[in-house]
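For reference, the structure is listed below as structure tokens.
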Amino acid sequence: MTATDQVSESVLDISRQVEMYRHMVRIREFEERVKRTFAEHPGVIRGHTHLADGAEASIVGSLAAIRPGDQVIATYRCHGYPIALGTDTSAMMAEIFGRATGLCKGYGGSMHLVDLARGFLGTSGIVGQSIPQGTGAAYAAQLRGRGEVVLTFFGDGASKQGAFHESLNLAALWKLPVVYVMENNSFSVEVRTEEEDANAAAGEPLATKARAYSIPGVTIDGSDPLVVHEAVAIAVARARSGAGPTLIESKVYRLSAHGNSIAPPGVPLHFPEHEAIARYGDVAEYEAAKRGDPVPKFRAHLVEQGLLSVAEGDSILDNARAEMQRAVDFALSSPLPEASAALSYVYA
Amino acid sequence: MTATDQVSESVLDISRQVEMYRHMVRIREFEERVKRTFAEHPGVIRGHTHLADGAEASIVGSLAAIRPGDQVIATYRCHGYPIALGTDTSAMMAEIFGRATGLCKGYGGSMHLVDLARGFLGTSGIVGQSIPQGTGAAYAAQLRGRGEVVLTFFGDGASKQGAFHESLNLAALWKLPVVYVMENNSFSVEVRTEEEDANAAAGEPLATKARAYSIPGVTIDGSDPLVVHEAVAIAVARARSGAGPTLIESKVYRLSAHGNSIAPPGVPLHFPEHEAIARYGDVAEYEAAKRGDPVPKFRAHLVEQGLLSVAEGDSILDNARAEMQRAVDFALSSPLPEASAALSYVYA
Amino acid sequence: MIRDMPYIAAINEAVYLEMARDEDVLLIGQTVTEEHNEAFERDFGPNRVRVTPISETAEIGVAAGAAIAGKRPVVDCTMAEFLLVAMEQVVNEGNRFHYMSGGQVKVPMVLKAGYGFTAGWAGQHTGSIYGLFMGVPGLKVALPSTPADAKGLMATAIRDDNPVLFLHHFLLLLETGPVPEGEHLVPFGVADVKRPGSDVTLVATGWTVHRALAAAGRLAADGIDVEVIDPRTIAPLDIETILASVAKTGRLVLVDQATRHASVATVIAGEVAEHGFSSLRAPIVQVTAMDTTIAYSKTMESFVLPDEEKIVAAVHEVVGARTGVA
Amino acid sequence: MIRDMPYIAAINEAVYLEMARDEDVLLIGQTVTEEHNEAFERDFGPNRVRVTPISETAEIGVAAGAAIAGKRPVVDCTMAEFLLVAMEQVVNEGNRFHYMSGGQVKVPMVLKAGYGFTAGWAGQHTGSIYGLFMGVPGLKVALPSTPADAKGLMATAIRDDNPVLFLHHFLLLLETGPVPEGEHLVPFGVADVKRPGSDVTLVATGWTVHRALAAAGRLAADGIDVEVIDPRTIAPLDIETILASVAKTGRLVLVDQATRHASVATVIAGEVAEHGFSSLRAPIVQVTAMDTTIAYSKTMESFVLPDEEKIVAAVHEVVGARTGVA
Ligand SMILES: Cc1ncc(C[n+]2csc(CCOP(=O)(O)OP(=O)(O)O)c2C)c(N)n1
Ligand SMILES: Cc1ncc(C[n+]2csc(CCOP(=O)(O)OP(=O)(O)O)c2C)c(N)n1
Ligand SMILES: [Mg+2]
Ligand SMILES: [Mg+2]
């Protein structure tokens, strides 16, 4: 890949920009429906659910930089990636509702979406643990020798796990075709990044950690899908060329709480307020984040640039809402798995 | 502590320099006797034994920078530290010979020396795992509030373990009074550092890793005890002052193989040739290391500076040899533990 | 005085009282300053109560190091599975230091974590993985089933000079029960007879104790008098109390939320098959979770867990069993 | 043809043949290019044979990821204890992915490690910690005792579509025995009767199989005919063969190098106490390691391990036991 290719790949034509917007809206609307489900259909969603709202630009911008054959791995906060990769949102919603028709037949749930056919390899619910797995998928890609890359997504908190450190060193050493996208949303549950990260406490970006592995590390505005796309495209080109991994710190702000309430039996699940308010009482911070919401911001940009009319924007939203209504209807009307299905798939 | 104190503490008077030399010789002679034991008394040493020869300057220079009340933690390659801290070498040799009179009564062996009374907290035989423990001892020191520090020693290879990364981040964040001394001997068993470390592969020092924690990282010549002392004294002063940890990469060359042979029953234990020769056939590298041997080098320096006469030097060596002969005699004449003692100390 | 309080509050009360009693007791972990926990930092200050990064290996290793150096840290590890990223520190470090040092070193630390969150937490967060920590020399393991035991075992854990793994059950967090005020210590290695009975011995831990008691209630209606025993600590494990019960009943059913081959049930069965064999009038029946990962969906989740029905059936089985040997 | 060869060579032969047969098979680890292993890199190249840093979490996680993506990695993890720093990747990741994905994902990987190095390796390197990996859904565990089984189980492990933990015994590395040339597969979940007998069933794994056989030889002189069974894989565990044997002998002694409450012995005892109870004429006796960390010194090390004497005594005990029930 030449430098010109890199640049041309990082300049997106109109239709791709609109397509990116459409995916951002779809992710947002999906998450809105998941959140509403706690109130509208109590008990239908179980366990712990983590939403991607606020990270849409980062997700969609990143995934716009890869091509078929590339692969993606992520964490429990995993609803956004498969949507952008083309996974059927009805199957996703059905999974989150624990239905036999779900993407993983009801075995996985919200934290463990997998769509192998579309290159979404899965997740780990244990912080940091999918980082080596994404690295291993990149080793397999290197062995295949077809120039494919793996995007490995994780949170700022995950960089405090040994698995992060061990993986980046190994990937750098083996020059693996992997791009590490750290979504820094300033929080690990309710702990602020500067309370748990020494770089942040010293006022340095988390991308500084790349120095420990002698690889490039960049910090970007994760609320702008074009910025994200450009940075990830450069890293992907580097990975494809055999030059090895890049660490990208994509700064986002999650717009919901870390996850729904952690409720023992008898206590209804719900989506609480964001920790900035609930824990720190910092309404101003949260309001500012709302004003920076990447979805309307990108819409405004597209409209301003004349790439999207208001009517087109509205129709994208309407279509997304209709799609998610269908997803909810499908999921609600789908059967729960047979109880005895629990004994299938224990071994391959 | 003022800047002047720091400087004065880093300038060592004659008697302390000679004392350092004496400890270096004692460590060397101890290790020589351990090594000879494999040939002279086969079967007396069991399991796996890792020698400190080549690292004497680094060990003694580091420990010269601390004071009573400070503490030290290390790895399986642990014979040097207690010797410099004043532990009875007869009890140490008896431990390595598995005797009831041993430092740990025969429970621990070569890899697990402990002398709590002298501040030597112990070791882990599992790579990297004593790093958080040293960090925790520093947390206790911080809580005691008496300005005490902890020196945490480990190898270059250990910086590939997640435990290293997690600990340095936490220590930086909590500004713990700990100094991390990485003895970089260019090998992990027989793997060369540049084969397993991305910084090294890129030609950068391993101390670069300190950047990931926004702490000072320095690379020093570990074969010169005065250089080591100065660097560690600065880091210790920083730790005592409450400013937090430092990562020191002390470059040493181990003069023996990683450890004795790993022998299943029936195969006699022995100390093999150094990996530079045995594995890479690089006689020149090993010969150069021998020429840089820190023990004669420091002796030559002291003699040249007029701080040590040849006769004094010889008498230090003679005394050390006599001491280690006593240690071997004591150990050999000591009884093995009662078999049923195996059931003591399971719980405190 | 004895008040009713939730299990989780009882645990916190024990930690609080021990911290007030002994300034060497520390509390560290990722969630220690969370909502409901404010009292700790407020009353004991940020030195003794510290939020840790998501770095379990460092957290537990730091606790071990601080313990060697004279402190008595309690680490809130949140969930049992999170211990797995730091497993070496749990089963191969602090638990061996007293022994390996020939008695020089002590490592008084408590690792607190929840388990068994079978409420849709799916494959990686629902394990009842206490079996991993049994038979590990130097490590003690407590599994309280009631608020009073939770308080008393936590206090004992903090005063113990060895590493103790304190595993609370997530499904019991808000269950209330009577808890003594002030100092309350439950000794380790002493099983509790939660219900006396004469026909069948039923042993269970944690959440399954309550399933066992419910089953015992139903069985009483059928005229079967079940004794329910909760070992409370599984290391040390009080086999004597179980053997004494089996000597009386001749019949043993073991209930366990873990998979069968990683269960306390199998360990108890092994002990009784050796030391209580002559008392046995029927096979020792284990009612454990089935050998699968826990699925997300409720239908599948419930299917694999032990429940009242399965316990009742097992008791009927051992009562109906023909006595004796071919 | 069948040649005599050492246990370790037989394992390497299996890995070599599988790598020659299937180019998706990879070999990674810290020691894979060490002396005696040169053939791998030489013949399969540095892409398929890679030295890893001392980063077990990355090594095993990388293997799991490569397996999801279609490869069949073998990870040489050197020693069982080194798995502990990566335990989460061993028992809570790849082993659950097939299930959690509703069958989409497969994770064919082999983790090879040695255990039981009771030759003065002291507290942290001598464990027989296979009990930690039993009862873990989705994970298979092989424990070969002979060179032929070592070769055949390794080949089967590599062809299995699930994560397999292959634990070889350090004290057996240089023991030689007959090994079939070329393709040799030993099925998982099929115990091997290493010595037929009619009076007592003795079950052992790994190094203890040879202690059990030696004891059986001595007992034959006393007129006691002992059947020695080696399960070979402990997950899956072939209980049927053991039950069939106990149905014949009525007496069961279990030998295990692990501490009692973390042993395969206790699991087998539990199964037989339930499913073979009516055949039993005597208590099920376990001969396991004592509940301590392994001390460095030989006197203490030997004291806590199972040995021929202890096995002989246990067999005499079950033979002498009074039959039947009070
Ligand atoms: C090893 C481990 N420790 C703790 C947890 C509990 N936990 C779940 S999510 C989370 C926060 C992770 O923060 P970050 O990596 O920044 O991701 P985010 O949720 O902010 O996207 C924590 C601590 C866990 N799942 N795994
Ligand atoms: C977690 C773990 N993995 C592997 C080993 C095996 N091992 C023992 S020492 C060693 C090399 C360590 O190298 P380094 O940290 O540089 O220390 P050195 O021995 O060179 O002083 C290895 C790989 C171990 N003990 N622990
Ligand atoms: Mg975050
Ligand atoms: Mg080294």
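In what follows, every chain begins at residue 1, and chains take the letters A, B, ... in the order their sequences are listed. Hydrogens, waters and symmetry mates play no part in the numbers below; they use all other heavy atoms, side chains included.
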Chain B contact via Thr57(D) - which portion, at a heavy-atom distance below 4.5 Å: neither

Tyr296(D) side chain to Ile96(B) main-chain N or O, any donor-acceptor pair under 3.5 Å? yes

Chain D contact via Tyr76(B) - side chain, backbone, both or neither, heavy atoms under 4.5 Å: neither

What part of Gln129(B) lies closer than 4.5 angstrom to a heavy atom of chain D: side chain, backbone, both or neither? side chain

Chain B: which of Val51(D), Leu173(D), Val85(D), Val304(D) shares the most heavy-atom pairs with it under 4.5 Å? Val85(D)

With only heavy atoms counted, which part of Glu175(D) is less than 4.5 Å from chain B, the side chain, the backbone, both or neither? neither

Out of Cys104(B), Ala278(B), Ser124(B), Ala100(B), which one racks up the most heavy-atom pairs below 4.5 Å with chain D? Ser124(B)

Side-chain (Thr292(D)) to main-chain (Val346(B)) donor-acceptor, under 3.5 angstrom: no

Over all heavy atoms of both residues, which pair between Glu196(B) and Thr52(D) is shortest? Give the atoms and the distance, please. OE1-O, 4.4 Å

How long is the straight-line distance from CD of Glu190(B) back to OG1 of Thr31(D), given to the nearest 0.5 Å? 8.0 Å

Glu338(B) side, atom CD; Phe303(D) side, atom CZ - distance, nearest 0.5 Å: 10.0 Å

Heavy-atom closest pair, residues Ser297(D) and Pro337(B): OG-CD, 3.0 Å

Part of Ser340(B) within contact of chain D (heavy atom distance under 4.5 Å): both

With rounding to the nearest 0.5 angstrom, report the CD1 to CD distance, Ile262(B) to Glu34(D). 7.0 Å

Can you say whether Thr49(B) sits under 4.5 Å from chain D via the side chain, the backbone, both, or neither, judging by heavy atoms? neither

With respect to chain B, which residue among Ala86(D), Ala122(D), Ser55(D), Gly123(D) yields the maximal number of heavy-atom pairs within a distance under 4.5 Å? Ser55(D)

Counting only heavy atoms not in Lys251(B), do more than 12 fall under 6.0 Å of its NZ? no

For chain B, the option from Glu35(D), Met79(D), Glu301(D), Gln30(D) that forms the most heavy-atom pairs under 4.5 Å: Glu301(D)

Donor-acceptor under 3.5 Å (Gln161(B) side chain, Ile54(D) main chain): yes

Inter-residue atom distance His125(D).NE2 - His48(B).NE2, 0.5 Å rounding: 8.5 Å

May I ask you to name which of Ser159(B), Ser188(B), Ser110(B), Gly108(B) has the most heavy-atom pairs under 4.5 Å with chain D? Gly108(B)

Taking side chain as everything from C-beta outward and backbone as N, CA, C, O, which of these in His112(B) sits under 4.5 Å from a heavy atom of chain D? Side chain, backbone, both or neither. side chain

With Pro265(B) as reference, evaluate Leu174(D), Leu172(D), Leu171(D), Thr118(D) under the side-chain contact (heavy atoms from CB on, under 4.5 Å) test and give the passing residue. Leu171(D)

Leu269(B) versus chain D, the contacting section by heavy-atom distance below 4.5 Å: neither

Taking atom NZ as the centre, does Lys35(B) end up with more than 12 heavy-atom neighbours from other residues, nucleotides or ligands that are less than 6.0 angstrom away? yes

For Ala163(B), is it the side chain, the backbone, both, or neither that has a heavy atom closer than 4.5 Å to a heavy atom of chain D? neither

Under 4.5 Å from a heavy atom of chain B, the part of Thr33(D) involved: both

Closest-packed option against chain D by number of heavy-atom pairs under 4.5 Å, given Pro264(B), Ala341(B), Ala339(B), Gly109(B): Ala339(B)

Chain B heavy atoms under 4.5 Å from Phe170(D): which part of the residue, side chain, backbone, both or neither? backbone

